[in-house]
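The block underneath contains the structure these notes are about, expressed in structure tokens.
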Amino acid sequence: MESDEELYELYGEYVSLRELGICTAVSTALAMLFFYIAPSVAGLLNVAASGLSITLGAVGATVGFAISLFLARVKREVREV
Amino acid sequence: MDPVTVALAVLLSALSCLLYIFIGILPGTDETATMAPIALTLLLAGVDPLLVLVWFVASIAAFKMADSIPVALAGIPGGVMAVPQVPDALVAKEHGLADTVLRKGIASSAVGQFVALVVALALSYQLMPAGEWLRTADTVLGVKVARWFWLVLAGVVVLALTSRSRWVALLSVPSFALLIQGLRSVYGRPIYISFFLGITIGPLMFDLLSMLHRELRRSYTRRGFKEVRLVRVGRISLNPLRILTKEELAHSTLWSAITSVLATVMSPVGLTILIGDLLREGSRDRVKGAVLAYTVRDAIKNATYVGGTLIPLLVIGQPTGPMAAGPAMPFFTKLDSLGMTPRDYIVSRYDYVTIVISLLLASAIAFLIAYPLLVRYSRSITLAVFRRVPAEALYGLFIAIVIMLAYYDAKVAGVFGTLVVSLVSGALWRLGVSLGVLFMTLVAAPTLVALLTALPL
């Protein structure tokens, strides 16, 4: 299936700027959301907030990545030769 | 080490290995951009620095083993370090030897990792007393200058001279140091992480922002999807001793030992290109030369990453080469939570035997998982990754992690500081300056600018 949208080559991959923007926004929003709720979670767990902020932020970014797998299409056409 | 720590080391090695097999196979995943932010995240999250080092060494083993798989199967590099292998792989592919280079690459990666570990750990133990001497400061032009600074300066000059644009690279050293110190004086504190991340994502950000410019965008425009031709491979033996010839084993061992030490101050990718090209050109048979070069380059990739991390970490205590000042930089960054650098924490809290056992354990676990998995299922994994993972999702993930860490470092100003540094870094990279030059300039910047301003000129 070919794409009608204009694609751009970035690091050897073809990307759609619109989809890249959406994926980045989703991952960043979730990373920052998790980062910000970390002090409340740390208060509940009685642990240091600083380390937990980064951990939860990374978890948020990873959740964003998982969601992005469904938001962006793969732009590789694999042919087995 | 208590049983819980050992169990955590095993778990982290296994997780790191699985994650970096996936990242390694994905095309266009830059090593520094993918290894450093995750190591930094783990350190900032409060994971014991030795366990993060275990994670890091396992990630080297898996990443460097996996990044050449798409090269062998499709001629596409999985990471920057796999780029020099592309011409060799194309020659091998033309002659129906794709599965041969695939298995030889995986086996020689294992050789490179373990030879470098043994050499770097043995040499570091012998050289440790020299570390104290290197950390001593002398007064030059009224400025306190640690002796390791001259090693970094020599390294950055050598690296600049071997860059694609040597004059631009040389000129960029003092200029970039001034930019860094200027921004630090604006922030009013010695910000580090934002600048480091800025250099890391420099090429990506520069290309991305160029795409927003109407004129520049044209050179990036592509029509249709990217076609990837994946070759079929036969059944491969699991016994690594059956995979490499005596000549390939000897070259892989010898060059791994030598380059693991040279990577203390020299560029891993530069060494991979140099030694591989020497071996390829030295062979009368074009195909045999390409296969030998491909194989040995795979060993050198692991060796330079291991040596370039461990010798500066255990002996010097400062990032003296592009590897230490790049992917391994989080270990040399002072963290408020520790009150010292992770490197200092490791060498002051753990005895040498514990460090050695941990690193050997990490590599052994990584290979026990990655080796059979990649030898048996490299093609299926590559096919699944190519068909299921969009590049946008991965780039989005790394940009999000960088934004979060930059914000953590210096709030909103940190995010914009990262943007400025990334644009300058990306532009210099486009002009042919190796990112290693910029990473090492970042390390040398405070002393370099102090010396520049103290010059009686």
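Residue numbering restarts at 1 for every chain, and letters A, B, ... go by the order of the sequence lines. The structure presented is a predicted model; accordingly, all values stated were derived computationally and were not measured.
- Within the 4.5 angstrom heavy-atom criterion, only backbone atoms of B:Arg388 (N, CA, C, O) approach chain A.
- A salt bridge between A:Arg79 and A:Glu77 is present, with a side-chain N of the basic residue lying under 4.0 Å from a carboxylate O of the acidic one.
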Going by atom type alone, with no hydrogens or angles, which donor-acceptor pairs under 3.5 Å involve a side-chain atom of residues 26-38 of chain A and a protein atom two or more places apart or on another chain?
from: A:Ser27; atom 1: OG; to: A:Cys23; atom 2: O; distance (Å): 3.3
from: A:Thr28; atom 1: OG1; to: A:Thr24; atom 2: O; distance (Å): 2.6
from: A:Tyr36; atom 1: OH; to: B:Tyr407; atom 2: OH; distance (Å): 2.1

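- Looking at A:Leu17, the atoms closer than 4.5 Å to chain B (heavy atoms on both sides) all sit in the side chain, from C-beta outward.
- Note: B:Thr221 leads B:Thr221, B:Asp336, B:Ile399 in heavy-atom pairs under 4.5 Å with chain A.
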Walk me through it: do B:Trp55 and B:Tyr20 pass the test side-chain contact (heavy atoms from CB on, under 4.5 Å)?
CA-CA 10 Å; B:Trp55 164 282; B:Tyr20 281 95; 4.0 Å; yes
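- For B:Leu383, the part lying under 4.5 angstrom from a heavy atom of chain A is the side chain only.
- Taking the side-chain contact (heavy atoms from CB on, under 4.5 Å) definition, one finds that B:Leu90 meets it with B:Val86, sequence neighbours left out.
- The candidate with the highest count of non-hydrogen atom pairs below 4.5 Å against chain A, out of B:Leu208, B:Leu405, B:Ile401, is B:Leu208.
- Using a 4.0 Å cut-off between charged nitrogen and carboxylate oxygen, B:Glu392 and A:Arg73 do not count as a salt-bridge pair.
- Most heavy-atom pairs under 4.5 Å with chain B, from the set A:Leu69, A:Leu20, A:Val74, A:Ile22: that is A:Val74.
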